[in-house]
*Asks:* 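Here it is, the structure in full.
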Amino acid sequence: IYRAVTATVPVPAHNLGLVPLAAGLAVTAAYRAAGTDPRLKWPNDVVLEGRKAAGILVERHTVDGRALLLIGCGLDLDWRGVERHGDAAHWTSLAEVTGVEVDRPQVLVDLLGQLATLLGEVAAHPDRVLRAYRPLCATLGEVVRVERPGRAALHGEAVDLDTGGRLVVRTDVGRVVIDVGDVTHVRAR
């Protein structure tokens, strides 16, 4: 139903904030190759037809004195026939959207190939990562609510990503740059 793919990579010297975006782009490329039209919800979700279909988590760790990034990609490959509750009730899967069996090995090959390429771009060509991410970002142009650790919630329109991959939100008091937070797309009722 749900498969987690994990890769451990050295911490890039620059542009660390772009790693989750690069991972999201890798997942979207794998999902696109499987016949879908994925979008990205900043910073770490992949959506199909407006519903969550993958999540990405990037953590920094030190192992044997070396700084590493642990990149986890939870891929929702086949939820057909599975009863869902809570947040999962709003999720979908690759098989539900395509209506066919998922070639799991091929999705993995596509994901890992893209991830290797895009992680190289993070350090060498960060502008390419941002140029690829922006048109796929379903958050840009949306009215959002951002829950930030230890701070008041923020409301505004997500208008851009800065050079570090942080979300720029236009609020009543000006532009605010968000580097961490739980972003909810606010829909008109």
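Note: hydrogens, waters and symmetry copies are ignored here, and every other heavy atom, side chains too, is used.
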*Asks:* Taking all non-hydrogen atoms of both residues, which atom of Cys73 and which atom of Ile56 are closest, and how far apart?
*Replies:*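 Distance-wise, the nearest heavy atoms are SG-CG1, 4.2 Å.
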*Asks:* Side chains of His90 and Lys52: does their closest heavy-atom pair fall under 4.5 Å?
*Replies:* no
*Asks:* Charged N to carboxylate O under 4.0 angstrom, Asp78 versus Arg80?
*Replies:*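 Yes.
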*Asks:* Can you name the residues that form a salt bridge (charged side-chain N to carboxylate O under 4.0 Å, His left out) with Asp162, not counting sequence neighbours?
*Replies:*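 Partners of Asp162 by the salt bridge (charged side-chain N to carboxylate O under 4.0 Å, His left out) criterion, ordered by chain and then number, come out as Arg166.
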*Asks:* Show the atom names and distances, to 0.1 Å, of all donor-acceptor pairs under 3.5 Å that link a side chain in residues 13-34 to residues at least two apart or in another chain.
*Replies:*
from, atom 1, to, atom 2, distance (Å)
Asn15, ND2, Val122, O, 2.9
Thr28, OG1, Gly24, O, 3.4
Thr28, OG1, Leu25, O, 2.8
Tyr31, OH, Ala53, O, 2.8
Tyr31, OH, Asp76, N, 3.3

*Asks:* Are His155 and Thr171 linked by a side-chain donor-acceptor pair shorter than 3.5 Å?
*Replies:* no
*Asks:* Would you sort out whether Leu69 and Glu59 count as a side-chain contact (heavy atoms from CB on, under 4.5 Å), showing the intermediate values?
*Replies:* CA-CA 6 Å; Leu69 293 179; Glu59 296 178 338; over 6 Å; no
*Asks:* I need the minimum non-hydrogen distance between Ala88 and Trp79, along with the two atoms involved.
*Replies:*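 Closest approach of Ala88 to Trp79, heavy atoms only: CB-CH2, 4.3 Å.
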*Asks:* Quick one: CG on Leu40 to CG on Asp45, what's the gap to the nearest 0.5 Å?
*Replies:* 9.0 Å
*Asks:* Does Thr139 form a side-chain contact (heavy atoms from CB on, under 4.5 Å) with Leu167? I'd like the steps, not just the answer.
*Replies:* CA-CA 9 Å; Thr139 304; Leu167 186 65; 4.1 Å; yes
*Asks:* Is the shortest side-chain heavy-atom distance between Val97 and Thr92 below 4.5 Å?
*Replies:* yes
*Asks:* Return the minimal non-hydrogen interatomic distance between Pro149 and Gly181, and the atom names on each side.
*Replies:*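 In terms of heavy atoms, the two residues are closest at CD-CA, 4.5 Å.
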*Asks:* Provide the closest heavy-atom pair for His185 versus Ala138 in the form atom of the first, atom of the second, distance.
*Replies:* CE1-O, 3.5 Å
*Asks:* Hey, quick one: are Val102 and Val47 part of the same hydrophobic cluster, counting side-chain heavy atoms closer than 4.5 Å, chains of contacts allowed?
*Replies:*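 The answer is no; the residues belong to distinct hydrophobic clusters.
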*Asks:* Taking all non-hydrogen atoms of both residues, which atom of Val180 and which atom of Arg148 are closest, and how far apart?
*Replies:*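 Reported closest heavy-atom pair: O-CG, 4.0 Å.
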*Asks:* According to side chain to side chain donor-acceptor pair (under 3.5 Å), does anything in residues 110-124 pair up with another residue at least two apart or in another chain? List the pairs.
*Replies:*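 Sorted result for residues 110-124: Gln106-Asp110, Glu121-Arg128.
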*Asks:* For Lys41 and Arg39, run side-chain contact (heavy atoms from CB on, under 4.5 Å): C-alpha distance rounded to whole Å, both residues' side-chain angles, the deciding distance at 0.1 Å, then the answer.
*Replies:* CA-CA 7 Å; Lys41 178 179 171 273; Arg39 301 288 310 267; over 6 Å; no
*Asks:* What I'd like to find out is whether the side chain of Leu48 reaches to under 4.5 Å of the side chain of Pro38, using heavy atoms alone.
*Replies:* yes
*Asks:* Residues two or more places apart in sequence or in another chain: which of them pass salt bridge (charged side-chain N to carboxylate O under 4.0 Å, His left out) with Glu147?
*Replies:*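 Checked Glu147 against salt bridge (charged side-chain N to carboxylate O under 4.0 Å, His left out); matches are Arg145.
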*Asks:* Could you name each residue pair satisfying salt bridge (charged side-chain N to carboxylate O under 4.0 Å, His left out) that touches residues 168-181, not counting sequence neighbours?
*Replies:* Glu157-Arg170
*Asks:* Under the criterion side-chain contact (heavy atoms from CB on, under 4.5 Å), I'd like the reasoning laid out for Trp42 against Ile178: C-alpha separation, chi angles, the key distance, then a yes or no.
*Replies:* CA-CA 10 Å; Trp42 185 92; Ile178 307 297; 4.0 Å; yes
*Asks:* Look up atom CG in Leu115 and atom CG in Leu108, then write down how far apart they are to the nearest 0.5 Å.
*Replies:*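 It is 10.5 Å, given to the nearest 0.5 Å.
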*Asks:* Please name the pair of heavy atoms, one in Asp160 and one in Leu140, separated by the smallest distance, quoted to 0.1 Å.
*Replies:*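 It is N-CD2, 3.4 Å.
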*Asks:* Tell me whether Leu130 is reachable from Val168 by hopping between hydrophobic residues (I, L, V, M, F, W, Y) whose side-chain heavy atoms are closer than 4.5 Å.
*Replies:* no
*Asks:* Suppose we screen for salt bridge (charged side-chain N to carboxylate O under 4.0 Å, His left out). Which residues come up paired with Arg84, at least two apart in sequence or across chains?
*Replies:*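 Here the qualifying residues are Glu96.
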*Asks:* With the side chain counted from C-beta on, respond yes when Val183 and Val169 share a heavy-atom pair under 4.5 Å apart, and no when they do not.
*Replies:* no
